[in-house]
Amino acid sequence: QVQLVESGGGVVQAGGSLRLSCAASGRTLSAYAMGWFRQAPGKERECVAGISWSGSSTYYLDSLKGRFTMSRDNAKNTVYLQMNSLKPEDTAVYYCARSRKSGVVAERGAYDYWGQGTQVTVSS
């Protein structure tokens, strides 16, 4: 069993930055790809970033490229999402998830363990 706990969310003004963290316990994350998803009210949960088991490959939602950066520290069993130049439309609950695979994937169905989510609110 894997437990994922996100932290770092909050309220920030447009143009600001936040760094989300996701710490895992129970089992190592090092053999698996990880992802960050977000879900805004009334919208589908979407993958905003993914990273392969080694960190050598990443995926980003096209509209976020250049603003969000995902990284991982396998020694700490933790993944991160650095979010810069935040916009009001980035407001959502952000979830980290562990993939069943080692290579980066964006499909929600490829992920089997999920955190409880952390709220990010960007004010205009």
Side-chain angles (χ1 to χ4, degrees):
Q1 195 75 354
V2 176
Q3 292 81 41
L4 302 174
V5 179
E6 302 97 336
S7 61
V11 180
V12 63
Q13 287 189 332
S17 298
L18 283 174
R19 188 193 195 205
L20 305 183
S21 298
C22 173
S25 60
R27 286 191 179 180
T28 179
L29 298 179
S30 61
Y32 301 93
M34 297 292 293
W36 282 99
F37 290 72
R38 69 183 180 187
Q39 188 166 18
K43 294 189 176 180
E44 294 289 320
R45 190 173 299 189
E46 63 180 353
C47 183
V48 300
I51 192 166
S52 62
W53 72 275
S54 65
S56 61
S57 297
T58 53
Y59 159 85
Y60 296 100
L61 192 62
D62 279 346
S63 59
L64 301 177
K65 287 181 180 177
R67 295 196 297 121
F68 287 19
T69 303
M70 185 173 183
S71 60
R72 67 189 299 160
D73 185 337
N74 287 339
K76 294 182 178 180
N77 235 16
T78 302
V79 296
Y80 306 95
L81 185 68
Q82 178 67 42
M83 306 186 294
N84 298 327
S85 302
L86 284 161
K87 304 176 181 181
E89 52 264 42
D90 295 318
T91 295
V93 178
Y94 284 72
Y95 301 88
C96 74
R98 194 201 77 169
S99 173
R100 296 183 182 89
K101 304 179 180 180
S102 59
V104 63
V105 291
E107 291 77 19
R108 181 177 174 179
Y111 292 81
D112 53 2
Y113 289 99
W114 295 80
Q116 83 289 348
T118 185
Q119 176 71 47
V120 171
T121 302
V122 184
S123 62
S124 58

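In this text the structure is predicted, and so the values were computed from the model without any measurement.
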Which pair of non-hydrogen atoms, one from [X] and one from [Y], has the smallest distance, and what is that distance?
X: Ala24; Y: Leu4; result: CB-CD2, 3.6 Å
X: Asn84; Y: Ser17; result: OD1-OG, 2.9 Å
X: Thr91; Y: Val122; result: OG1-N, 2.9 Å
X: Cys47; Y: Val105; result: SG-O, 4.3 Å
X: Ala92; Y: Ala40; result: CB-N, 3.8 Å
X: Ala49; Y: Leu81; result: CB-CD1, 4.0 Å

To the nearest 0.5 Å, what is the distance between CD (Glu89) and OG (Ser124)?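 Separation between the atoms: 10.0 Å.
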
So, [X] side chain and [Y] main chain: donor-acceptor pair closer than 3.5 Å or not?
X: Thr78; Y: Lys76; result: yes
X: Arg67; Y: Ser85; result: yes
X: Asp90; Y: Ala14; result: no
X: Glu6; Y: Gly117; result: yes
X: Tyr80; Y: Thr69; result: no

Suppose we call two aromatic rings close when their centres sit under 6.0 Å apart. Are Tyr32 and Tyr113 close by that rule?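 Judged by ring-centre distance (under 6.0 Å), Tyr32 and Tyr113 do not meet the cut-off.
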
With clusters defined by side-chain heavy atoms of hydrophobic residues (ILVMFWY) lying less than 4.5 Å apart, directly or transitively, does [Y] cluster with [X]?
X: Tyr111; Y: Tyr59; value: no
X: Ile51; Y: Leu61; value: yes
X: Val2; Y: Val79; value: yes
X: Leu18; Y: Tyr94; value: yes
X: Trp114; Y: Met70; value: no

Test item: Trp36 and Phe68 side chains (from C-beta on) under 4.5 Å apart, heavy atoms: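 Not touching, per the 4.5 Å side-chain cut-off.
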
Can the positive tip of Arg108 be found less than 6.0 Å from the middle of the six-membered ring of Phe37, inside 45° of the ring normal?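 No, Arg108 does not sit over the ring of Phe37.
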
